[in-house]
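Here's the structure, in structure tokens; my notes come after.
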Number of protein chains: 2
Amino acid sequence: MNKNTLFHKLVSFTTSVHRVTHELTKNAKSDLISQIQFNILEYIAVNQPVTPSEINDCQNMSMPNTSRELRKLSEKKLIEKINDSEDRRKQYIRLSNDGEAMMNEAFATIESRFIKRVQNASKEDLEDIERAIDILQTKLFN
Amino acid sequence: MNKNTLFHKLVSFTTSVHRVTHELTKNAKSDLISQIQFNILEYIAVNQPVTPSEINDCQNMSMPNTSRELRKLSEKKLIEKINDSEDRRKQYIRLSNDGEAMMNEAFATIESRFIKRVQNASKEDLEDIERAIDILQTKLFN
DNA sequence: CTATTTAGTTATCAAATGATAATTAAGAGG
DNA sequence: CCTCTTAATTATCATTTGATAACTAAATAG
């Protein structure tokens, strides 16, 4: 097993991950928001509170575009902006109640599809999957 | 370990996979093509020959948009269209020599970044990673 | 105090993407 | 032959996304 062979396995693997992720999340998002807006909300949901700068670093977008999308999300009442009391240039972004509700609904849809996907897996299979995820998470995707 | 906990691990894991994939592939593609065009070329490279219908199924795009992107790729001399001799409605798409060269270059860039990423991994680590990929590939992302 | 840097906004433009209707051509079933 | 279905194309339009310049306001360094 050399690194080149492993690389080919990885390519095939990441393709599968992307495909399955797409199947799980397909149409899970509300039609009120675009895909990028969903990605931003997902990032906020997991890491809140976050600053606009953190969002554009992680989502690889420019500040002007981040600012625009956050404005749209704010206009849709899905997020709230809170000013930093120490550094008044900074803001913190949180999901609003509506935003939390929307993301909870989306995650519930995705989770039920996931449950369906592993419904026939044995206890041992699930343990194998968990261990494998832990290994890759720490040794490759950290 | 219940399925709900496993689901949360999976969400975190897929996020990491997407982030690392993005880091590995960032700027690896030529500026002559768009991201979607790169995805299509990647799909063709791995599965060729493919039909336009297969592309729109796997890339989740509509036939008209697939057709448009394939026309652009064809105009850029990156792919070749071959008519099916039996069913004359069908086509088969292959990479041209230019297309192969472009994708080989991209894959080489991505692979060298991957090698760098695992340069400090021990033999045992690499074997663990390989086994973990195999497990997830067969038990979860199939 | 002044210059520079940092965080974020606004405006604007080009390009990419998504969606739909209408069309061509050919295979399949009766 | 006739109808229906399938594979793909063309044209068109709205929306999303990416990129850039110009700007405000606040912190920081000298």
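Sequence lines set the chain letters: A, B, ... in the order given, protein chains first and strands last, and positions in each chain run from 1.
- A residue-by-residue look at Met61(B) and Ser85(B) shows that Met61(B) has its nearest nucleotide of DNA chain C further toward the 5' end.
- Between Glu111(A) and Asn4(B), the side chains place a donor N or O and an acceptor N or O closer than 3.5 Å (distance only, hydrogens not considered).
- In this structure, Lys29(B) atom NZ and dG18(D) atom P are separated by 11 Å, rounded to whole Å.
- One atom, CG of Leu32(B), and another, P of dA15(C), lie 15 Å apart when rounded to the nearest Å.
- Ring pair Phe13(B)/Phe13(A) is tilted by interplanar angle, where 30° to 60° counts as tilted.
- Arg131(A) and Asp128(A) are joined by a salt bridge, as a carboxylate oxygen and a charged side-chain nitrogen come within less than 4.0 angstrom of each other.
- Aromatic ring pairs are classed by plane angle as parallel below 30°, tilted from 30° to 60° and perpendicular above 60°; the pair His18(B) and His18(A) is perpendicular.
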Protein-nucleotides 23-26 of chain D N/O pairs under 3.5 Å:
none

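- When the side-chain nitrogen and oxygen atoms of Ser34(B) are compared with OP1 and OP2 of dT17(C), one or more of them lie within a distance under 4.0 Å.
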Considering only distance and modelled atom types, tabulate donor-acceptor pairs under 3.5 Å from the side chains of residues 20-27 of chain B, sequence neighbours left out.
{"from": "Thr21(B)", "atom 1": "OG1", "to": "Val17(B)", "atom 2": "O", "distance (Å)": "2.6"}
{"from": "Glu23(B)", "atom 1": "OE1", "to": "Arg117(B)", "atom 2": "NH2", "distance (Å)": "3.0"}
{"from": "Thr25(B)", "atom 1": "OG1", "to": "Thr21(B)", "atom 2": "O", "distance (Å)": "2.8"}

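- Judged by distance alone, the side chains of Glu69(A) and Asn65(A) never bring a donor and an acceptor atom under 3.5 Å apart.
- Neither side chain, Thr66(A) nor Gln59(A), offers a donor N or O lying under 3.5 Å from an acceptor on the other.
- Listed by first and then second residue, the ring-ring contact (aromatic ring centres under 6.0 Å, His included) pairs that reach into residues 62-117 of chain B are Phe7(A)-Phe114(B), sequence neighbours excluded.
- Under 3.5 Å, the side chains of Asn104(A) and Glu100(A) contain no donor-acceptor pair of N or O atoms.
- In this structure, the CG atom of Leu70(B) is 15 Å from the C1' atom of dT17(C), given to the nearest Å.
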Review item, nucleotides 19-22 of chain D N/O atoms under 3.5 Å of protein N/O:
{"from": "dA19(D)", "atom 1": "N7", "to": "Asn65(A)", "atom 2": "OD1", "distance (Å)": "3.3"}
{"from": "dA19(D)", "atom 1": "N7", "to": "Asn65(A)", "atom 2": "ND2", "distance (Å)": "3.2"}
{"from": "dA19(D)", "atom 1": "N6", "to": "Asn65(A)", "atom 2": "OD1", "distance (Å)": "3.3"}

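- For residues 72-83 of chain A, proximity to DNA chain D is found at no residue, defined as any non-hydrogen atom under 4.0 angstrom from a strand atom.
- Side-chain proximity of Gln35(B) to dA8(D), dT17(C), dT9(C): nearest is dT17(C).
- Counting non-hydrogen atoms of neighbouring residues, nucleotides and ligands closer than 6.0 angstrom, the NZ atom of Lys90(B) reaches no more than 12 such neighbours.
- Distances shorter than 4.0 Å separate some side-chain N or O of Gln91(B) from OP1 or OP2 on dT9(D).
- Going from atom NZ of Lys90(B) over to atom P of dT5(D) covers 19 Å, rounded to whole Å.
- One atom, CD of Glu54(B), and another, C1' of dT6(D), lie 14 Å apart when rounded to the nearest Å.
- Taking atom CD of Gln59(A) as the reference point, atom P of dG18(D) lies 10 Å away to the nearest angstrom.
- Candidate nucleotides dT10(D), dT17(D), dG8(C) were compared by shortest atom distance to the side chain of Glu69(A), and dT17(D) ranks first.
- Counting heavy-atom neighbours within 6.0 Å of Asn97(A) CG, excluding the residue itself, gives a total of 12 or less.
- For the pair Asn60(B) CG and dT17(C) P, the computed distance is 15 Å after rounding to whole Å.
- In this structure, the CE atom of Met63(B) is 17 Å from the P atom of dT5(D), given to the nearest Å.
- Mapped onto DNA chain D by nearest heavy atom, Ile33(A) and Asn56(B) fall at different nucleotides, with Asn56(B) at the one closer to the 5' end.
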Please tabulate, for side-chain N and O atoms in residues 73-83 of chain B, each donor-acceptor pair with protein atoms closer than 3.5 Å (sequence neighbours left out).
{"from": "Glu75(B)", "atom 1": "OE2", "to": "Arg71(B)", "atom 2": "NH1", "distance (Å)": "3.3"}
{"from": "Lys76(B)", "atom 1": "NZ", "to": "Leu32(B)", "atom 2": "O", "distance (Å)": "2.8"}
{"from": "Lys76(B)", "atom 1": "NZ", "to": "Gln37(B)", "atom 2": "OE1", "distance (Å)": "3.2"}

